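In what follows, a structure is listed as C-alpha cells, so that the remarks can point back to it.
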Amino acid sequence: MSLTLVNEPIPLVTDANGVVRVSKTRVTLDTIVTAFLEGATAEEIVEQYPSLQLSDVYSIIGYYLRHKAEVDTYLLERQHRATEVRQEAERRFSPEGIRDRLLARRDRELGQNTI
C-alpha cells in the first residue's frame, strides 16, 4: 500500500481591499495569527470562529511558521494602516465632548416627549 502525497493550497485569499482572509470566510489572517501568538490552540481558534475548519487553521498556522518574516511584515503594515484610518476618523469626527452632546440630545428629546 502506498500513500499518495498531494500538494494542497493554503486556504487563504486576498480580498479587493488587500486583506488576507481564510477562504470562504470573513476571518482574517490577522485574527488567526494573533490568537495563535496569544497561546490559543487550533482547536480553540475553531471554537471561537465556527466558520473555520480545523484543518485550515492548522494549515494557516503552518504557513505562518514557515513564512514568519513575510507574515509579520504584512501584519505590521495592517497595524499601521489601521492606526492611520483611526486617526483620520478621529480628525473628521472628533470624539471629544460626544458624551455631553449625546446627553444633551437625549434631554432635549425627553423634554419634547413630556409636553
Side-chain angles (χ1 to χ4, degrees):
M1 182 171 163
S2 67
L3 178 65
T4 304
L5 299 178
V6 178
N7 190 10
E8 295 183 3
I10 304 302
L12 294 171
V13 295
T14 303
D15 70 13
N17 297 313
V19 178
V20 178
R21 298 184 185 280
V22 180
S23 300
K24 301 178 185 172
T25 75
R26 296 181 62 191
V27 181
T28 63
L29 174 62
D30 313 41
T31 300
I32 292 179
V33 171
T34 299
F36 173 70
L37 293 175
E38 290 176 350
T41 64
E43 290 80 5
E44 291 169 333
I45 294 170
V46 170
E47 280 182 31
Q48 192 78 17
Y49 303 95
S51 63
L52 298 175
Q53 298 295 314
L54 184 60
S55 59
D56 290 346
V57 174
Y58 273 112
S59 293
I60 293 165
I61 291 170
Y63 176 83
Y64 169 69
L65 293 173
R66 285 188 303 279
H67 302 277
K68 190 173 180 325
E70 296 94 333
V71 174
D72 286 345
T73 298
Y74 164 79
L75 296 176
L76 188 59
E77 289 171 4
R78 293 258 302 144
Q79 284 179 329
H80 288 307
R81 180 67 183 131
T83 299
E84 290 171 357
V85 168
R86 185 179 62 252
Q87 289 171 345
E88 176 62 24
E90 288 173 358
R91 271 193 299 278
R92 293 179 64 203
F93 310 103
S94 175
E96 190 152 326
I98 194 162
R99 182 175 191 280
D100 293 333
R101 290 192 306 269
L102 290 172
L103 289 173
R105 183 187 326 165
R106 184 193 67 183
D107 292 343
R108 282 192 310 273
E109 289 172 359
L110 288 175
Q112 291 175 356
N113 290 335
T114 58
I115 296 176

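Quick caveat: nothing in here was measured; it's all calculated off a predicted structure.
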Return yes when atom [atom1] of [X] has more than 12 non-hydrogen atoms of other residues, nucleotides or ligands closer than 6.0 Å, and no otherwise.
X      : atom1 : value
Glu8   : CD    : no
Arg99  : CZ    : no
Arg101 : CZ    : yes

Considering non-hydrogen atoms only, spot the tightest contact between [X] and [Y] and give its length.
X     : Y     : answer
Tyr74 : Val20 : OH-N, 2.8 Å
Arg21 : Arg26 : NH1-O, 2.7 Å
Asp15 : Asn17 : OD1-N, 2.9 Å
Ser51 : Thr25 : O-CG2, 3.6 Å
Val46 : Leu54 : CG2-CA, 3.7 Å
Ser23 : Leu12 : OG-N, 3.5 Å

To the nearest 0.5 Å, tell me how far [X] [atom1] sits from [Y] [atom2].
X      : Y      : atom1 : atom2 : result
Glu44  : Glu38  : CD    : CD    : 11.5 Å
Arg105 : Leu110 : CZ    : CG    : 12.5 Å
Arg86  : Glu84  : CZ    : CD    : 10.5 Å

TODO: Please report the C-alpha distance between Glu43 and Tyr58 in whole Å, then the side-chain angles of each, then the deciding distance to 0.1 Å, and finally whether the side-chain hydrogen bond (donor to acceptor under 3.5 Å, both in side chains) criterion is met.
DONE: CA-CA 9 Å; Glu43 290 80 5; Tyr58 273 112; 2.8 Å; yes
Could you tell me whether the side chain of [Y] reaches within less than 4.5 Å of the side chain of [X], counting heavy atoms only?
X     : Y     : value
Ile45 : Val27 : no
Glu77 : Arg81 : no
Leu76 : Asp72 : no
Tyr64 : Leu29 : no
Arg78 : Val19 : yes
Leu5  : Leu3  : yes

Task: Under 3.5 Å: donor-acceptor pair, side chain of Arg66, backbone of Gly62 - done: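 Side chain of Arg66 to backbone of Gly62: a pair is present.
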Open item on the list: Would you say Val22 ends up clustered with Leu65 if hydrophobic residues are merged whenever their side chains have heavy atoms under 4.5 Å apart, either directly or through other cluster members?
Closed with: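 Leu65 clusters together with Val22.
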Open item on the list: Is there a continuous path of hydrophobic side-chain contacts, each under 4.5 Å between heavy atoms, that joins Val57 to Leu37?
Closed with: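 Yes; tracing contacts between hydrophobic side chains, which count when under 4.5 Å, links both residues.
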- [ ] Please report the C-alpha distance between Glu109 and Arg106 in whole Å, then the side-chain angles of each, then the deciding distance to 0.1 Å, and finally whether the salt bridge (Lys or Arg N to Asp or Glu O under 4.0 Å) criterion is met.
- [x] CA-CA 5 Å; Glu109 289 172 359; Arg106 184 193 67 183; over 6 Å; no
Task: Intermediate values then yes/no, side-chain contact (heavy atoms from CB on, under 4.5 Å), His67 and Ile10 - done: CA-CA 12 Å; His67 302 277; Ile10 304 302; over 6 Å; no
